[in-house]
Amino acid sequence: MEPEDRVIVAIAGLNALIGALDRDGYRVLGPTVRDGVIACGDISGVDELPAGWSDEQDGGRYRLTRSGAETIFGFTSGAQAWKRFLHPPRQRLWRATRDGDRVRVHAEPAPDERFAFIGVRACDLHAIAIQDRVLTEGAYPDPFYTARRKELFIVAVNCARAGGTCFCTSMGTGPAATSGFDIALTELPGEGGSSFVAQAGSPRGAALLRDVADRPATAEECAAAEAIVARTAASMGRAMPDHDLRALLLDNPDHPRWDDVADRCLTCGNCTMVCPTCFCTTTEDSADLSGTESTRTQRWESCFTMDFSYIHGGSVRASSRARYRQWMTHKLATWIDQFGTSGCVGCGRCITWCPVGIDITEEVAAIAQG
Amino acid sequence: MTTRTIKVDYLARVEGEGAFKVVVRDGAVRSAELKIFEPPRFFESFLRGRAAIEAPDLTARICGICPVAYQMSAVHAIEDAFGITVDGPIRALRRLIYCGEWIESHALHVYMLHAPDFLGYDGAIDMARDHAEAVRRGLMLKKAGNAIVALIGGREIHPVNIRVGGFYRVPRRRELDPLAEELKRARDLALETVRWVAGFDFPDSERDYAFVALRHPHEYPFNEGRIVSNRGLDIPVSDFDRHFREMQVARSTALHSRMADGSSYLVGPLARYALNFDRLSPPAQEAARESGLGPVCSNPYRGIIVRAVEILHACDEALRIIADYAEPDRPHVAVEPRPGIGHGATEAPRGLLFHRYEIDGDGLITAARIVPPTAQNQASIEEDLAGHVGGFLDLPKTELQHKCEQTIRNYDPCISCATHFLKLRIDRE
Amino acid sequence: MDQMAEPRMAHPLVPRVAHVRRRWRDGPDVWTLEIEDGAGSGFMPGQFNMLTVFGVGEVPISLSGDPADGNRIRHTVRAVGPVTRALARLRPGDPLGLRGPFGTGWPTDALDGRDVVIVAGGLGLAPLRPAILQLLARRDRIGRLTLVYGARSPDQILFARQQDRWGRRSDIEVAVTVDHATSPWRGYVGVVTTLIPRAVSDPANTVALVCGPEIMMRFAAAALTDAGLPETAIHLSMERNMKCAVGLCGHCQFGADFLCRDGPVFRLDRIARRLALREI
Amino acid sequence: MTPTPRKPRLAVWKFASCDGCQLSLLDCEDELLDIAAAIDIAYFPEAARGVIRGRYDLSLVEGSVTTAHDAERIRDIRARSRVLVTIGACATAGGIQALRNFADVRDYAAAVYPDPAHIDTLATSTPIADHVPVDFELRGCPVSKRQLVETIAAHLAGRRPVVPAHSVCIECKLRGLTCVMVARGTPCLGPVTQAGCGAICPAHDRGCYGCFGPMETPNAAALAERARELGLGQDELRRAFRSFNAAAPAFREESERHDDQNDQG
Ligand SMILES: Cc1cc2nc3c(=O)[nH]c(=O)nc-3n(C[C@H](O)[C@H](O)[C@H](O)COP(=O)(O)OP(=O)(O)OC[C@H]3O[C@@H](n4cnc5c(N)ncnc54)[C@H](O)[C@@H]3O)c2cc1C
Ligand code: SF4
Ligand code: SF4
Ligand code: SF4
């Protein structure tokens, strides 16, 4: 089978795929309904996927809803980004033990966990690719991320619906999965349950697909799948203004809108925590009371905290205006200088999960208005 | 005429700030006072104007040692006013978290505050030098109790999950499984505790107490029951005010809680035990018997054994609740505030804790009254102090002092709680 | 993912263990540590290391010794907070964690034939010292060499004895100024920028290396441009919070640059706009 | 990590409080004996009778100042402590008893005490830092025992304690919890409250009620506006900011904005 060949996978086939991955030693993660949202968690079969569930998203608002259909992937951007697994919130780096004047540093071994992600959307594929750039392609790659990433198996899903805060089309990152996956699925709703038009993106994906596919997809089925994605593209909840964002933001460090958004911004850091590309971390040292063992742990940090830019005597970015400006300018402008891509993939999470619903597209639009 | 004053300015190993003074004139005890200089915090005042549903979080802060007790009495009183009943798994979870607080609080008292008196140490850390294993056992037991409170309540002190109508979130079945494992171990430790403390040396000191506690038709009391005594009292909680008064005591401005006839009474483990021995789990009854306790114990020093027996009962009860637990559909019943008066009394580790609220049409509290166990026991403690000291007057001063302290610690007084109602002159000498 | 590099064995955030060989005081609250670093592989003037006091924390500290001096490296630390205080307390023989060297250095290799003005404020002289030592070692290759140094008060002057020694040499001009004079001081009083015009004789052929508090650097940059130096001839060493020093943690961003990787030494033309912005 | 020759001396002091914060130390069941091995618990009346008089390397102070005598006592304690750390909402912000600051304490006393003249109390409940310099403030009602152990260990090691001043939201997200405000419309003070508790309220499907006090840069007004959209009335907003950290400036100001005469809704 050629990678570009499309095949039909039934629900049972998807279940078999999950089983096969599990048997291959992968920790299989997929969307599940949990605590009122769809969030990624461990799954062992299709029946744990959120069949029949959907979501409504808006600035500062998320509601889980019944979709009225039995589709499995009828929801949009999940509450959490996949970075939680590849670049976890907390990661011990090393331990040091002391014996008299002798100190030994014990580096944390590289993780040997193998993840398989089920249901990665186009925006998140791009986000993973962006974190790959940041964390693996510099002079000093993050070996833990690299190790997890190397083993990662991705089953992507093309979006059949756009969420209220989605704007991937305007960022050029979706809704169709075009690369960076092992297998990509488009869900075709049907009378007797969904089936999937599936496409392999890697030899590993092709091999597995061979085992679980029912048959080649027909031309009509392929066309139906493409139509679904095209419809999604046309129904985005939001759009990033069509501008040279890099120039716009670099030219406007003193725009009055920064003061305006500072009045609304809580500097709580939620946007950075949910963003699939935000990668910043800090380190925390701890030691036991006797002082014989100390540990350094890395954890997610946010450019909205005062510690982030603290140098002796105070924080460089003490005002919330400066912190919001740093975040947005980094995302949309300086990221391009640093890594050759935008730092935003249009997933809309920062809009949905901002407790007061600050909307990055709206802020850009306000600045673009002059 | 010789006057001797035995005083301790800062009573150690009790919760809160207290002191005592015993005045002995011509070989006779003239007065015995337990003083509380914990500054008042005015809970009953600032509760006025707060929403009734805030009471569990607010009153928890009366006492960091038994916050669950305050939350429980508050929710029951407010549910009483709102006309809500809570049963099934939610009611069971309330009992479970209460078990946690009993285990934690009793283990703290038995091992860290009280046992050092019997074994001659200043405190548990001191005691750990010679009795490391016992202290470790105490800590493990305490930890098991805390684990229950933390799992159900979110944290050990001032849990966040308790609300009028039930809980904000109920645990999943499988979340309770590791707890059951820990409690099985704790159960064994509790049994060892009973045996360990039963071996201490106890002075012969029986007193004819008026015991007061809750009694429930088929449970050893935590949250619910009628208020009963060994003197024939048997009333619903809502009648508390009619049978118990705060009385002005001549020698101070302190008000002690007394029976309507002015006599002192005792709440807490001894009272609960004497009035509910038949409701203890069979292993707890068995352990009590084995340690030489009858169905009534009137020796306050042996209160430490009764506490140990109650730890064992609480472990058994917690295990039973976990075994029977089925996740309810909703974590709490619907709460519709309505005006009214509500009463609630539950069994804090130290004894009966009574709350009464008047609530207006907006669901706001217009009056609050809280009667904690230490207030109710203060008269008894002082009588005990006066009674015991007479027998020890020949001892050197420091030992006598220590004896007095020990007498007070028998009751596990919680002074942080006490101050919110105790009307005391702060009398510094 | 097959194109990805094999994960390196060593995590770049794991320090190696080194030991303090000597330690001496170089000013009020300022101590220099000489560290025995077995893995030392040389450094460029202007680079820094990440130093860990085990159980306390890790901070960026510039290399302040002679780059020609193999694996005996020096760091000069002002005890201002927990980690720097703990560093300053280390004794000979004490272990510490070390990562580095990191960052861009001063462009000392590109100075042949040029006049060099070194402008330092306070502890800013520490990262400049390796540059001075290196330039003095090949003194014949460059033109006029001037050090303009500003300290808060005479007792705060860093490397005072070495500065005296330099001051007595004929191949380097040293001008020192203090913000607040105390009695025996007979030198300049005032901000360091006032000394800059004198230090520049041939602006088109002069290169300036500047390090000090950010505010001082802003004024120094202005004074140097006023003296006729092009922005491309002015180099500044910046400071930002730093956790990883390898471009992974994000803290040290200064506009598009990561200070740890693209700096700390920058050419003014690259950062002039940012330097003028507050809270960037 | 340098071993100290003499064991440092710890003292635990109590002012107006519920005892919960110092109990947190005894709740460190796993660490207590290690703590006792590393430091000399010289004064801790809740746990031991013994008293070592003199100076202390580290004093933990629980509770707020509510009497003239306590205002004196804290000065003496400060003078005898090398490092003084306040623990809990009472000590760092006046605690729940600071609700009196918004009322007339004489009315308060009269409502509870028939003979209020005998009640020795100040009109306000104030944090320790209003009276003496404080080296570090550990927040929480009660403090988190994890942070308490960290604070003790860090002060002994001369390290900055890992006690971030950022929002509860960051902790909430690190744990991977669902935001109750966004996903359920439940008002939550997490965005303006300092982290440390482990985001346990959102973990239990309720909004944070601010028991760790204001975070480093709280924007209480913006959050209150959002809470109003979610249905909180003026009185509820006032009460929300006026609880365990009522006297912390950011919360006090916000609660006062919702006093009857000040409401701008
Ligand atoms: C490239 C570079 C070179 C430096 N060279 C020297 C030097 O040679 N000598 C010297 O004494 N100091 C130098 N510093 C400054 C030094 O790193 C800080 O003084 C030190 O981090 C303060 O840490 P602290 O824990 O002692 O104090 P605190 O000020 O309490 O710092 C707490 C934490 O804040 C961060 N932090 C505070 N100030 C800075 C800062 N200026 N830069 C980066 N992070 C900071 C650190 O993460 C530190 O752990 C340099 C800084 C940078 C960026
Ligand atoms: S900036 Fe916002 S929309 Fe863009 S990738 Fe991050 S979370 Fe998604
Ligand atoms: S639940 Fe509360 S603490 Fe958590 S992210 Fe939402 S607003 Fe913040
Ligand atoms: S979430 Fe808020 S109220 Fe709840 S425990 Fe944490 S800080 Fe306190």
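Letters go in sequence order (proteins before strands), and every chain restarts at 1.
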J.: Examine whether an atom of Leu47(B) lies under 4.5 Å from a heavy atom of chain D, and if so say whether it belongs to the side chain, the backbone or both; otherwise answer neither.
T.: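 Neither part.
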J.: Any idea which heavy atoms bring Lys145(D) and Glu156(B) closest together, and the distance?
T.: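 In this case the closest contact between Lys145(D) and Glu156(B) is NZ-OE2, 3.2 Å.
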J.: Less than 4.5 Å to any heavy atom of chain B: does that hold for the side chain of Leu99(D), its backbone, both, or neither?
T.: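 Looking at Leu99(D), just its side chain touches chain B.
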J.: May I ask you to establish whether Arg61(B) and Phe244(D) are in a cation-pi arrangement, using a distance under 6.0 Å from NZ or CZ to the six-membered ring centre and at most 45° from the ring axis?
T.: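 Judged by the rule, Arg61(B) and Phe244(D) form a cation-pi pair.
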J.: Just verifying a value: how many Å separate Leu58(B) CG and Tyr209(D) OH, rounded to the nearest 0.5 Å?
T.: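 Rounded to the nearest 0.5 Å, the CG-OH separation comes out at 9.0 Å.
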J.: Can you say whether Arg48(B) sits under 4.5 Å from chain D via the side chain, the backbone, both, or neither, judging by heavy atoms?
T.: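 Contact with chain D is through the side chain of Arg48(B) alone.
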J.: Quick check for you: among Ala203(D), Ser243(D), Cys201(D), Cys141(D), which has the greatest number of heavy-atom pairs under 4.5 Å with chain B?
T.: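 Looking at each option in turn, the highest pair count goes to Cys141(D).
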J.: Sort out for me which of Ala367(B), Gly154(B), Ala132(B) touches chain D most, counting heavy-atom pairs under 4.5 Å.
T.: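 Option with the top pair count is Gly154(B).
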J.: So which residue, Pro142(D), Gly63(D), Gly20(D), ends up with the most heavy-atom pairs under 4.5 Å with chain B?
T.: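 Result: the option with the highest number of such pairs is Pro142(D).
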J.: State the CG-CG distance between Asp205(D) and Asn161(B), to the nearest 0.5 angstrom.
T.: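 The distance works out to 8.0 Å.
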J.: Rounded at 0.5 Å granularity, tell me how far CZ in Phe43(B) sits from SG in Cys18(D).
T.: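 It comes to 7.5 Å.
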J.: For His204(D) and Leu151(B), work out which heavy atoms get closest and say how close.
T.: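 Residues His204(D) and Leu151(B), closest heavy atoms: NE2-O, 3.9 Å.
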J.: Checking heavy atoms, do the side chain of Ser24(D), its backbone, both or neither come under 4.5 Å from chain B?
T.: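 Contact with chain B involves both backbone and side-chain atoms of Ser24(D).
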J.: Which bit of Asp126(B) comes within less than 4.5 Å of chain D, counting heavy atoms only: side chain, backbone, both or neither?
T.: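 For Asp126(B), there is no contact with chain D at all, as no heavy atom is under 4.5 Å.
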J.: With a 4.5 angstrom heavy-atom cut-off, could you sort out which part of Ala51(B) is near chain D: side chain, backbone, both or neither?
T.: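 Contact with chain D: backbone and side chain both.
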J.: State whether Arg136(B) and Asp30(D) are salt-bridged, where the test is any N-O pair (Lys NZ or Arg NE/NH1/NH2 against Asp/Glu carboxylate O) under 4.0 Å.
T.: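 Not counted as a salt bridge, because no side-chain N and carboxylate O are separated by less than 4.0 Å.
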J.: Decide yes or no on side-chain contact (heavy atoms from CB on, under 4.5 Å) for Arg155(B) and Cys211(D), but give the supporting numbers first.
T.: CA-CA 13 Å; Arg155(B) 64 180 166 199; Cys211(D) 80; 3.4 Å; yes
J.: Could you grab the distance from atom OG1 of Thr66(D) to atom CZ of Phe42(B), nearest 0.5 Å is fine?
T.: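 Rounded to the nearest 0.5 Å, the OG1-CZ separation comes out at 8.0 Å.
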J.: Heavy-atom distances under 4.5 Å only: say whether Val135(B) touches chain D with side chain, backbone, both or neither.
T.: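 It is the side chain, since no backbone atom gets that close.
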J.: For side-chain contact (heavy atoms from CB on, under 4.5 Å), just list the numbers for Leu23(D) and Leu108(B), CA-CA rounded to whole Å, side-chain angles, deciding distance to a tenth of an Å, and then say yes or no.
T.: CA-CA 10 Å; Leu23(D) 180 69; Leu108(B) 172 75; 3.7 Å; yes
J.: Counting heavy-atom pairs closer than 4.5 Å to chain D, which one of Arg163(B), Glu54(B), Arg369(B), Met127(B) comes out on top?
T.: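 So the answer, after comparing Arg163(B), Glu54(B), Arg369(B), Met127(B), is Glu54(B).
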J.: Quick check: closest heavy atoms across Glu29(D) and Leu139(B), and the distance to 0.1 Å?
T.: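 Between these two residues, the closest heavy atoms are CG-O, 3.2 Å.
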J.: Measure the CD1-NE2 distance between Ile200(D) and His158(B) for me, rounded to the nearest 0.5 Å.
T.: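 It comes to 11.0 Å.
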J.: Between Lys142(B) and Leu26(D), is there a donor-acceptor pair closer than 3.5 Å when you use the side chain of the first and the backbone of the second?
T.: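 A pair under 3.5 Å: yes.
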J.: Which pair of heavy atoms, one from Arg206(D) and one from Val160(B), lies closest together, and at what distance?
T.: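 What the structure gives for the nearest pair is NH1-O, 2.6 Å.
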J.: What part of Ile157(B) is in contact with chain D, defined as an atom under 4.5 angstrom from a non-hydrogen atom: side chain, backbone, both or neither?
T.: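 Contact with chain D is through both the backbone and side chain of Ile157(B).
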J.: Which atoms of Asp362(B) come close to chain D, meaning under 4.5 Å heavy atom to heavy atom: side chain ones, backbone ones, both, or neither?
T.: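 Neither the backbone nor the side chain of Asp362(B) comes within 4.5 Å of chain D.
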J.: Any chance CD1 of Ile39(D) has more than 12 other-residue heavy atoms, nucleotides or ligands included, within less than 6.0 Å?
T.: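 Check passes, neighbour count above 12.
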J.: Check Arg41(B) against Arg100(D) and note the closest heavy-atom contact, atom names and distance.
T.: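 Reported closest heavy-atom pair: CA-NH2, 3.8 Å.
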J.: Among Val170(B), Leu364(B), Ile125(B), Asp57(B), single out the residue with the greatest number of heavy-atom pairs under 4.5 Å to chain D.
T.: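 Ranked by heavy-atom pairs under 4.5 Å with chain D, first place is Asp57(B).
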